[in-house]
Amino acid sequence: MNDFDDGEMLEIYLYEQTTLLDGLNDIVYGAEEDKHFSKEDLEEIFRIMHTVKGSAAMMEFHALSHTAHLAEDLFSFLQKEQPKEQSEEEKEVFNCVFSVLDYFQHVFESIQSGSYENQPEEELNARIQQLMRRLDGSGETAEPAAKEGNFADTALGNRVRIWFKDCQLLSVHALVIQKKLLRLCEQSTFSPAELEETDEIRRSLMEDGMLWSFQLPGKENTAEAIEKMYENALSMLEKQMYVDHAKREDHTEEKSSGSAVNKESKASPAALSSDSEPVDTKNKTSERSHAGSQRAMISVSQTKVASLVDTVGEIINMLSSMEDVYGKNDREMMGRVISQMKKKTSEMREMTLSLNLITVEGLFQKVRKIVREMCQKLNKEVTLTLEGKETEIDKNTVEHLSNPFLHLIRNALDHGIESTEERLALGKNEHGTILVQAKNLGREVQFIISDDGCGLDKDKIIQKAKEKNLLSRSLEEYSDKEIYQLIMTPNFSTKETVSEYSGRGVGMNVVLEELEKINGSIQIQSEKDQGTTFILTIPTSLSIVEGMDIRAGEFQLAMQSSYVQQIFAVTDQTPVMEKEGKLPEILIKKRAYPLIVLSQRLQAKQEHVPYEKGIMILVESSKGKYCIFVDEIIKIRQIVVKKLPVFLENKMKSSRLYCGYTVLGNGDISLILDTNHLF
Amino acid sequence: MDTNTSENKSVEILVFYIGKTLYGLRMERVEEIIGIQKIIPLPGSMDEILGIINLRNRIIPIVDSNFLLKEASASSLEEEEKNQGIVIVSFAGERVGIIVDDMCDVLSVHSEQFVSLSKKNEKNRYLKNFVRTKNDSGEDAANQLISMLDLEEMLTFGENV
Amino acid sequence: MEESILLVDDAIFARKLTRKTLDEGGYKNVREAVTAKEALEKISEERPDLILLDITLPDRKDLSLLKEILENDPEMKVIMLSAVGQELIIADAIEMGAREFVSKPFKKDEFLTMIRNVLDE
């Protein structure tokens, strides 16, 4: 039918749709800030829903198309009859729309990872329809459908509430229990239903436990059978290591429609909260993404492309003048053209790298979303200020930055900002403030996440550090900064309950680890009762350099190309002269350069190959030019430079030999030679 | 887990052999235990560093505990006896691996079982204290003494302290 | 305890420790497999009552082995053995049908209790 294959079609579809979704997010968040949908907003949203519906149908994603269709209908209606500003109805519209956005996000991610199933999102669809009926004035809010598997717990009268022991991976243990109960009784529902490994879910499980409700199918629905089910379940639960206790909560009274609505809106945020953690699910899917397509498309500014085209043009010109000069045998001129070309190609490299840069706006959007949701759930009022949304950062980097970043935001809301009462008692503004700032510092981007909450409890941290023997020096030698830094050591708070540790929640060491993967670093400032500030510094783009894999003796290392002047083989034009008590020297064009035989410097056991069989590499260093003799150049390629752990840097015998490491294609680690300090 | 020994609580320790001696480490410092894998030599590093390994695309330095503790290295034992492993610990915010020659167990010990060092000398400079194990019917006829490693001492060797 | 257990883990060390714990727990019918291929072979040779499955194996990344095992035999009891930092995969494994999980290094008593519970299910 057309030139695209399925894979490409899917990529283009996903790219288009997610761009649409971004636009949709912008409009809706903008409307939320204004606390009202404008006429233009409604029109635009209607158009987008219409497009999503159509495209989804074309790609045969019918469940998605159906929900988009309902949303389209909703907005078509709203255009004719808009609810009053700030009314209950309008609030419900907002809530509904956010749920739809979450759903779309979720669907696109699952399509991308290859795990999408055309399952209609019954609850969401019902909600949209119900909202429309309500707006239409066609009757009271309907009872939540007492469908099998519905979350409304009024439908299923048999209930057990399960309480857990505090443990690591609480949500997963709760999930295990859910599965066990499902095996006992197919018609089971749970609240919370979706269990993500987040602080909120964890707190909800610890405070309210997990509610299990079940129903026996038609014929089996006898009092006897129900009792037996209770018995089996409770005895099974008793044996479970991570279950603290379980209690029956038989519920026989009928709920009135009013409170039924409340129940539903209370239950559904929990159910939908998992969908509204796009970060977690996103990384989840990208981790298990093996079957699905890897999204490989980005938006590129036309200005950048234009500059690039210009630069390439200039290089082509230089090439032709090179040919001229070469013909005239003017070496000096050639030298000049070559150095001009080097400069231009390096500029071009910078430009192409910058094509891969995107703004942090996407990240900021996620921040807005999380703040909004958590404020609702935690009943806190927070003013969020976002600065620097146009700051650019490498696409790969920002994908890895998301998780730790949002973790810190969640922490600020959960553990940092106090409740309204506490704040008023302390004489603070009842609105907490969170400031998120992004700033470009040249090669690096700096992020600041600052809150005016309760700050870190220094004394508690010190106490904990003492218990865990984490203080390698005397306490006085530690600066405040270093003390706060301790909360990021692994196992620092993994075994503590949330209540025991006043300060940040669990998982700070994971934040540090994630940041280190992108060569980032983090600093913590805090003042008790005043607030906490996190300063993240991330290199703008992953450190990728031109380099080569080399062999010296039995060792294989990597080397950067940027300092390499010349690579050649030894001939009688370039004799090597051994010197007594000094480094040997090699003569290149009548100039003598010190020669370092790499395998000898590394004290390899294997003897190096004779000079004629190996390779000479002339490098430039701060102390002057010198030559490195290697046995072989295995490959010339791009190297992703990763930092060496500080521990190793302290364990080197003599001067710096390495300036980092890289992971080879086959998974081996290769150290990168520091040619600046070798000589 | 509360590790304040003056409060009569119990502590979990990981017990293993280095050479023919039983050593131990508090579980809270232990991040992971993995089987021995290809150790890439690090030329130019101090003798106590065996090399590095690649664990899930991150570099982990491996410390030659046999060398540090002056125990007979496993390579001098027969091939079949080679049940070496690597215990990955947390140290100053980074992960470091320690070679162990054989794994034993994770024990729950009581504060009363800790025995302090009489005095620090060359031989025990890398130890914190000892743990006396209870009589295990079947395994050890007599009480065993487990030498508890002091990671801070052990891993800052060679640096100017 | 006559139940048969299949231990699938490519790390000699970890396997040895687990084996020892099982032995002390009275489980004498324990087989071992080092690769996914070996595991599948041993499963078809004789159906184990329980499989202890390490998350990372040399010839199969991710949970494809778990998936295959459960597709062939949805009632198979599998306990996942995980290392630190593999939370997300564990949740997926449970969703897929693994009964329980245990983080290495594990506590002996808890490990044995869990095995007993799963076998009794």
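So that the names make sense, note that chain A is the first sequence line, chain B the second, and so on, each numbered from 1.
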Original post:
For B:I40, is it the side chain, the backbone, both, or neither that has a heavy atom closer than 4.5 Å to a heavy atom of chain A?
Top reply: side chain
Original post:
Is there side-chain contact between A:H608 and A:Q600, with heavy atoms separated by less than 4.5 Å?
Top reply: yes
Subject >> Of B:V87, B:I49, B:V63, B:I60, the residue whose pairing with B:V96 passes side-chain contact (heavy atoms from CB on, under 4.5 Å) >> reply: B:V63
Subject >> Result of checking B:N124, B:T21, B:I18, B:D64 against B:L69 for side-chain contact (heavy atoms from CB on, under 4.5 Å) >> reply: B:I18
Original post:
Can you tell which of B:P43, B:A92, B:P41 has the highest number of heavy-atom pairs within less than 4.5 Å of chain A?
Top reply: B:P43
**OP:** Taking the six-membered ring of A:F647 (Phe, Tyr or Trp), confirm whether the NZ or CZ of A:K651 is under 6.0 Å from its centre and within 45° of its axis.
**Re:** yes
Original post:
Can you tell which of B:I59, B:N54, B:D47 has the highest number of heavy-atom pairs within less than 4.5 Å of chain A?
Top reply: B:I59
Original post:
Taking A:L557, A:I669, A:L602 one by one, which has the highest count of heavy-atom pairs under 4.5 Å against chain B?
Top reply: A:I669
